[in-house]
Protein chains: 2
Amino acid sequence: MARRTHRVTISDVAARAGVSPATVSRALTGSRPMSPELAERVRTAAQELGYRVNLLGRALRQQRSSVMGLVVPDLDNPFFASLAEHLSRVVETSDIELLVASAGDSVETERRMISSFLDRQVDSLVVIPCDEVQSQGGLEEATDHAVTVQLDRRVLETGAYYVGCDNRYGMSLVAGHVRDDVDAEAQPVVFVGAEPRSSSAHERLEEFRRQFPGSRVLLGTFDVRWGQQAADRLLDAGMTRGTLVAAADIIALGLLSRLQARGHRVPDDFRVIGFDGVGVTRLAHPELTTVRQPVEEMSRRILELVGDLPVDGAEQEIRIRPTLVLGPSSPPAARSGRRS
Amino acid sequence: MARRTHRVTISDVAARAGVSPATVSRALTGSRPMSPELAERVRTAAQELGYRVNLLGRALRQQRSSVMGLVVPDLDNPFFASLAEHLSRVVETSDIELLVASAGDSVETERRMISSFLDRQVDSLVVIPCDEVQSQGGLEEATDHAVTVQLDRRVLETGAYYVGCDNRYGMSLVAGHVRDDVDAEAQPVVFVGAEPRSSSAHERLEEFRRQFPGSRVLLGTFDVRWGQQAADRLLDAGMTRGTLVAAADIIALGLLSRLQARGHRVPDDFRVIGFDGVGVTRLAHPELTTVRQPVEEMSRRILELVGDLPVDGAEQEIRIRPTLVLGPSSPPAARSGRRS
DNA sequence: CTGAAAGCGCTAACAA
DNA sequence: TTGTTAGCGCTTTCAG
């Protein structure tokens with residue numbers, strides 16, 4: 001662990017190359033045309049001294065850090081982790097850099113992370129808010145200081161952009177599939193969702209209710225454990241078959257695991273339908289019928305929003321339509337028989 | 001999106017409170033004792049003006065950023081995502097802040113991320129290296145400029161600390177379980193691992209070979225898809241039962257999904273054993289017998305290493321023993337019958 | 001206990 | 001094309 005004793009600055013390089021610090025800066029960044037030989041001399045000197053630019057100094061001077069901050073609720077949720085990974089790969093194609101922080105599923109921590117990104121002078125901030133209501137303050141704060149984008153979950157009246165998928169439309173795709181391919185009398189439809197503390201939970205729930213008025217609804221949290229509990233609850237209540245519409249793949253995963261552990265067959269006894277279609281949850285057994293979110297395009301739209309050319313009159317709210325992906329967890333009619 | 005026009009600086013606050021910038025700094029950070037009323041006056045002024053500290057300025061002056069950088073190979077891998085989440089929660093208890101970057105599974109990107117963290121003057125850098133060999137350069141570079149810790153995967157001769165689990169010991173726990181609880185004649189043992197491009201892959205593979213000389217070994221990558229392919233390969237070759245030891249839960253997940261999709265029962269026909277025991281993979285169906293990595297303690301040790309009190313004569317290499325967790329994917333003898 | 005002044009490392013105006 | 005100078009926002013000597 002041989003730490004360097006003295007930090008090499010641009011002046012050191014300048015001295016060695018026999019030029020001014022400004023010239024070194026120009027040679028290294030290529031911000032201005034200059035004589036190739038001098039540039040070369042500077043680069044050599046920098047190399048020899050092991051010079052590294054100090055981005056703190058640069059950012060302080062330039063009044064921009066070239067950093068995009070991303071605050072996710074919880075990296076243990078594979079959907080959020082996947083969102084982070086996708087955004088990271090898209091941002092990679094620009095000269096911006098993405099730094100991720102986790103809110104550890106706490107509104108307070110989320111707020112601290114947002115603050116701290118702002119204090120570090122991020123140029124843009126992407127937030128997947130923890131809570132539809134309590135995240136508002138942090139987002140308003142952010143909007144005052146950086147280009148701010150809410151991703152996946154919308155908080156009302158923050159002034160920030162929103163990029164997400166059209167959850168109602170997605171749920172309507174599910175409804176269409178269920179109506180076309182499922183014998184609803186043989187398999188009553190149940191929604192296993194999340195308490196509407198986020199717009200996604202909200203919208204998916206509302207659309208489900210609109211599509212299946214009177215159908216049973218169970219609400220918990222976006223994690224595997226809740227899916228397991230919900231399955232237990234349904235089975236304990238004597239349910240032996242049904243179509244379980246989950247608000248997220250991660251919940252569907254929990255449903256699947258408990259249903260199967262307790263000896264029920266999917267899709268024969270129970271159909272299971274998910275939402276998100278992203279990340280490792282895609283590989284459940286049996287593979288899920290799910291609504292796939294267009295994460296790739298969502299990431300691209302975010303980059304556009306914060307891009308150098310400020311998108312004039314950009315819409316505040318960008319909703320992209322998801323697609324339905326059919327899997328064996330709830331196959332099309334051919335296999336399960338239509339009602340009429 | 002009402003962006004603030006003028007940035008409020010410490011001088012603005014000073015002017016408003018009728019004191020010097022130095023006093024404002026002291027009042028806001030509490031770095032020196034001062035008259036409570038003045039402090040209060042300063043805080044009020046700051047509040048009224050909507051002052052936010054510029055951490056770039058502070059870091060530049062203080063020569064430390066209070067940031068720990070974490071570079072992970074790929075956030076879509078739930079083990080790495082979970083490691084990031086755990087470390088994040090532990091670091092949360094200190095005054096350091098964790099920022100995460102993904103290498104997108106590319107050595108080049110990894111190197112760029114390391115460089116860029118260093119240029120941003122992180123105080124410490126934690127890296128889960130992509131590649132046992134090719135990640136070396138980046139890590140050496142890091143070691144020269146910040147306290148550097150390799151996490152989970154070891155690259156030789158970098159001068160950096162290493163924190164990880166004792167993979168050989170973990171695999172020996174698996175071996176013990178297999179010998180105690182499995183009829184190896186009825187269920188031949190196969191290792192489904194990853195090409196040894198990381199020390200974890202390496203060590204687990206080597207220990208398996210030592211414990212089961214002559215047993216079949218398939219090597220691919222650390223992802224679900226490889227597990228699926230491996231299962232297909234084994235089944236296509238006519239295998240109808242066996243004990244499949246995976247080098248990671250994520251591979252085990254793929255094995256499970258294909259085995260079950262093709263009508264084989266776990267654990268009756270095939271036992272499946274994983275490694276990691278962390279994150280969402282814990283909730284496979286049937287639940288995995290796996291080796292649980294002590295991620296909590298690993299995170300704590302990392303924080304200790306970079307803590308204010310530089311751990312004198314700290315070991316370069318910290319290996320923590322994992323534990324075996326038995327699940328229905330490979331239950332103990334009681335259920336499956338011992339050989340003798 | 002408070003203020004004045006210097007300077008962290010960098011780059012952008014302005015001069016030459 | 002290159003150099004000089006100033007200053008981004010902050011904290012920390014050093015005086016008082």
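Worth knowing before you read on, the calculation uses all heavy atoms, side chains too, and leaves out hydrogens, waters and symmetry mates. Below, read A as the first sequence line, B as the second, and so on, with proteins coming before strands; counting in each chain starts at 1. Worth saying up front: this structure is predicted, and the values here are computed from it rather than measured.
Here dC10(C) presents its C1' atom at 13 Å from CD of Gln63(B), a figure rounded to the nearest Å. When the P atom of dG9(C) is taken as reference, atom CZ of Arg58(B) falls 18 Å away, rounded to whole Å. In this structure, Leu55(A) atom CG and dG9(D) atom P are separated by 18 Å, rounded to whole Å. If you measure from atom CD1 of Ile10(A) to atom P of dA12(C), you get 11 Å, rounded to the nearest angstrom. Between the C1' atom of dC8(C) and the CG atom of Asn54(B) lies a distance of 13 Å, rounded to the nearest Å. As a whole-Å value, the separation of Leu60(B) CG from dC10(C) P is 9 Å. With rounding to whole Å, Leu56(B) atom CG is found 12 Å from dC8(C) atom C1'. The interatomic distance linking Gln121(A) (CD) with dG9(C) (P) rounds to 19 Å, in whole Å.
Between the side chains of Arg120(A) and Ser116(A), a donor-acceptor pair is found at a separation under 3.5 Å.
Both Arg32(B) and Gly57(A) lie near DNA chain C, and the one whose nearest nucleotide falls closer to the 5' end is Arg32(B).
In this structure, Gln150(B) CD and Thr143(B) OG1 are separated by 7.5 Å, a value rounded to the nearest 0.5 Å. Note that the CD atom of Glu110(B) and the SG atom of Cys130(B) stand 4.0 Å from one another [nearest 0.5 Å]. Note that the CG atom of Leu55(A) and the OG atom of Ser115(B) stand 10.0 Å from one another [nearest 0.5 Å]. Atom CD of Gln121(A) is separated from atom OG of Ser66(A) by 12.5 Å, given to the nearest 0.5 angstrom.
Scanning all heavy atoms of the two residues, the minimum distance from Val147(B) to Leu305(B) falls at CG1-O, 4.3 Å.
No side-chain heavy atom of Asp144(A) sits less than 4.5 Å from a side-chain heavy atom of Leu118(A).
Among the heavy atoms of the strands, none lies under 4.0 Å from Ser31(A).
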Please list, one pair per line, the donor and acceptor atoms closer than 3.5 Å that link side chains of residues 69-78 of chain B to other protein atoms, with sequence neighbours excluded.
{"unit_1": "Asp74(B)", "atom_1": "OD1", "unit_2": "Asp76(B)", "atom_2": "N", "d": "2.9"}
{"unit_1": "Asp76(B)", "atom_1": "OD1", "unit_2": "Ser82(A)", "atom_2": "OG", "d": "2.9"}
{"unit_1": "Asn77(B)", "atom_1": "OD1", "unit_2": "Phe79(B)", "atom_2": "N", "d": "2.8"}

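Checking dG9(C), dG3(C), dT4(D) against every side-chain atom of Ala22(A), the shortest atom distance belongs to dT4(D). Of the candidates dT11(D), dG9(C), dT4(D), the closest approach to any side-chain atom of Thr9(A) belongs to dG9(C). Comparing atom distances between the Arg61(A) side chain and each of dT12(D), dC10(D), dG9(C) picks out dG9(C) as nearest.
Axis deviation across the helix from dC1(C)-dG16(D) to dA16(C)-dT1(D) amounts to 40°, comparing end segments of five pairs, rounded to 10 degrees.
Here Gln62(B) reaches the OP1 or OP2 of dT12(D): one of its side-chain N or O atoms lies under 4.0 Å away. Within the 4.0 Å cut-off from OP1 or OP2 of dG3(D), at least one side-chain nitrogen or oxygen of Thr23(A) is found.
Looking at Arg26(A), its side chain comes within 3.5 Å of the base of dG3(D) through a donor and an acceptor atom.
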Self-check item: Full working for side chain to side chain contact (heavy atoms under 4.5 Å, CB included) between Asp152(A) and Ser200(A)
Solution: CA-CA 7 Å; Asp152(A) 180 55; Ser200(A) 305; 3.6 Å; yes

Quiz item: When you look at Val155(B) and Val127(B), which way does the side chain to side chain contact (heavy atoms under 4.5 Å, CB included) test go after all the steps?
Solution: CA-CA 10 Å; Val155(B) 173; Val127(B) 181; over 6 Å; no

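The stretch residues 33-44 of chain A has no heavy atom under 4.0 Å from DNA chain C, so no residue of it qualifies as close.
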